[in-house]
S.K.: 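Sharing a structure here in structure tokens format.
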Amino acid sequence: MKIALITGGSRGIGRAIVLKLTEMNYHVLINYCTGEAAAKETLSLIEQMGGTGELMPFDVSSQESIENALEIWYKNNAESHIEVLINNAGIRQDALLMWMKNEEWNDVMNTNMNSVFYITRRLIKDMLIKKYGRIVNVVSLSGIKGLPGQVNYSAAKSGVIGMTKALAQEVGKKNVTVNAVAPGYIKTDMTKDLDENMLKAMIPVGRFGTATEVAEVVGFLASDKASYVTGEIISVNGGIYT
Ligand code: NDP
């Protein structure tokens, strides 16, 4: 059984990636934090497609929560190998730096960046032993060009871009690839407070993107067809020049 773990797989871009990997015949581990109803809905969409999956709740902003959940899973599935990891879970808490609270900085760094370190460190051991792995990190336009009001989020995503490039060089010889996808403005809960009519003027394609459009690129990077692509950051942003 081919197994993939998608953090924040319950809704938005994560759900679209879960469905893409189901289409690619993966048994999907759907991580989420508090939104159990959305996660169950995602699982039922998998089953409607004839696929299989399981819920894997843990809080990616907590090292302890991550390590406990992964150890329990590996203990119960000793013979299994998670060969695809999609680090997708993320939050934004925007504020101008001058007014930014410690919690806004820490929550965004823990959820978007430190999580990638703790989860990847555990899963990569097995990928190196098995000599196969695909890691795709969902970063952001904000981590490439920086966006005002998002010093915390831009720093976290930029950090993950650095991790992607460095780790790709550490593990390339073991047939493990590490890439990132950098979405621009995508229609999900995360962007529902933004004014699409105003923002679309600066997007060459003239609209926000869909979660499925991001998932298609993630699916390619997670496939064995992308075997010679590693350490890359691919923008999916409707042509915004970065
Ligand atoms: P959504 O807000 O729609 O979904 C976020 C997902 O992350 C949910 O499944 C949520 O689960 C999960 N999540 C959040 N916090 C935690 C946590 N502490 N532990 C576990 N899971 C958590 O976001 P999007 O789908 O829009 O974003 C997905 C990724 O894409 C993020 O990394 C985001 O930064 C990035 N991105 C999004 C863009 C956009 O325009 N939408 C643009 C650029 C990048 P739960 O409900 O249980 O908390």
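Because the structure is predicted, anything quoted here is derived from the model rather than measured. Whatever order the structure lists ligands and atoms in, that order sets their numbers, starting from 1.
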S.K.: From atom 13 (N) of ligand 1, work out which of S62, A89, S65 has a heavy atom at the shortest distance.
M.R.: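 Comparing heavy atoms across S62, A89, S65, the nearest one to atom 13 (N) of ligand 1 lies in A89.
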S.K.: Show the atoms of ligand 1 that are less than 4.0 angstrom away from any heavy atom in I91.
M.R.: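 Counting from 1, the qualifying ligand atoms are 14 (C), 15 (N).
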S.K.: Just to be sure I read this right, does ligand 1 sit under 4.0 Å from the backbone of R15, its side chain, both, or neither, counting only heavy atoms?
M.R.: neither
S.K.: Does T164 form a side chain to side chain contact (heavy atoms under 4.5 Å, CB included) with V116? I'd like the steps, not just the answer.
M.R.: CA-CA 10 Å; T164 304; V116 178; over 6 Å; no
S.K.: Does one side chain, of S44 or E41, offer a donor that lies under 3.5 Å from an acceptor on the other?
M.R.: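 There is no such pair between these side chains.
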S.K.: Taking a cutoff of less than 4.0 Å between a non-hydrogen atom of the residue and any ligand atom, is F58 in contact with ligand 1?
M.R.: yes
S.K.: Nearest non-hydrogen contact with atom 18 (N) of ligand 1 belongs to which option: T7, D59, I17?
M.R.: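 Answer by nearest heavy atom: D59.
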S.K.: Under 4.0 Å, counting heavy atoms only: does K157 come that close to any atom of ligand 1?
M.R.: yes
S.K.: Please list, in number order, the atoms of ligand 1 under 4.0 Å from a heavy atom of S10.
M.R.: 8 (C), 9 (O), 11 (O)
S.K.: Can an N or O of C33 be found at a distance shorter than 3.5 Å from an N or O of ligand 1?
M.R.: yes
S.K.: Of all the non-hydrogen atoms in the protein, which one sits nearest to atom 38 (C) of ligand 1, and at what distance?
M.R.: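 Residue, atom and distance for the closest contact: G184 O, 3.9 Å.
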S.K.: Is it the case that ligand 1 has an N or O less than 3.5 angstrom from some N or O of I13?
M.R.: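 So ligand 1 has an N or O lying under 3.5 Å from an N or O of I13.
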S.K.: Counting only heavy atoms closer than 4.0 Å, does ligand 1 sit against the backbone of N31, its side chain, both, or neither?
M.R.: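 For N31, only side-chain atoms sit under 4.0 Å from ligand 1.
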S.K.: Would you call K200 and D195 a salt bridge, taking side-chain N to carboxylate O under 4.0 Å as the test?
M.R.: no
S.K.: What protein heavy atom is closest to atom 1 (P) of ligand 1, reported as residue, atom name and distance in Å?
M.R.: R11 NH1, 3.5 Å
S.K.: Could you tell me whether some N/O pair between Y153 and ligand 1 is separated by less than 3.5 angstrom?
M.R.: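 The answer is yes, given that Y153 and ligand 1 share an N or O pair closer than 3.5 Å.
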S.K.: Can you tell me which residue and heavy atom of the protein come closest to atom 41 (N) of ligand 1, and the distance to 0.1 Å?
M.R.: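 Result: T188 OG1, 3.1 Å.
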S.K.: Less than 4.0 Å between a side-chain N and a carboxylate O, is that true for R134 and E83?
M.R.: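 Result for this pair is no, no salt bridge flagged.
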S.K.: For atom 12 (C) of ligand 1, what is the closest protein heavy atom, and at what distance to 0.1 Å?
M.R.: G8 CA, 3.5 Å
S.K.: Without swapping roles, check the side chain of T188 against the backbone of G12 for a donor-acceptor pair under 3.5 Å.
M.R.: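 Flag not set: sc T188 to bb G12 has no pair under 3.5 Å.
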S.K.: Please state which protein non-hydrogen atom is closest to atom 19 (N) of ligand 1 and give its distance, to 0.1 Å?
M.R.: V60 N, 2.9 Å
S.K.: Give yes if a backbone or side-chain nitrogen or oxygen of Y185 is under 3.5 Å from a nitrogen or oxygen of ligand 1, and no if not.
M.R.: no
S.K.: Polar-atom distance check: T111 versus ligand 1, any N or O pair below 3.5 Å?
M.R.: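 Between T111 and ligand 1, no N or O pair is found under 3.5 Å apart.
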S.K.: Minimum distance, heavy atoms only, to atom 44 (C) of ligand 1: which one of V236, V139, N137 is it?
M.R.: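 Ranked by closest heavy atom to atom 44 (C) of ligand 1, first place is V139.
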S.K.: Would a distance-only check, ignoring hydrogens and angles, find a side-chain to backbone donor-acceptor pair under 3.5 Å from E104 to K101?
M.R.: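 The answer is yes, because a donor-acceptor pair under 3.5 Å joins these two groups.
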S.K.: Out of all atoms in ligand 1, which are within 4.0 Å of some heavy atom of D189? Include the element for each.
M.R.: 3 (O)
S.K.: Among all the protein's non-hydrogen atoms, which is closest to atom 23 (O) of ligand 1, and how far away is it?
M.R.: M190 CB, 3.8 Å
S.K.: Quick one: does T191 get an N or O within less than 3.5 Å of an N or O on ligand 1?
M.R.: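 Between T191 and ligand 1, no N or O pair is found under 3.5 Å apart.
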S.K.: Can the positive tip of R122 be found less than 6.0 Å from the middle of the six-membered ring of Y74, inside 45° of the ring normal?
M.R.: yes
S.K.: Ignoring hydrogens and geometry beyond distance, is a side-chain donor-acceptor pair present between S142 and S154 at under 3.5 Å?
M.R.: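 Short answer, yes.
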S.K.: Should K165 and E232 count as an ion pair when the cut-off is N to O under 4.0 Å?
M.R.: no
S.K.: Any idea which of G90, G14, G12, P183 brings a heavy atom closest to atom 5 (C) of ligand 1?
M.R.: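 Of the listed residues, G90 has the closest heavy atom.
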S.K.: Within the structure, does I186 bring an N/O atom to less than 3.5 angstrom of an N/O atom in ligand 1?
M.R.: yes
S.K.: Quiz question: by atom type and distance under 3.5 Å, do the side chains of S115 and N87 form a donor-acceptor pair?
M.R.: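 Not at all, the side chains of S115 and N87 share no donor-acceptor pair under 3.5 Å.
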S.K.: Minimum distance, heavy atoms only, to atom 31 (C) of ligand 1: which one of V181, V138, N88 is it?
M.R.: N88
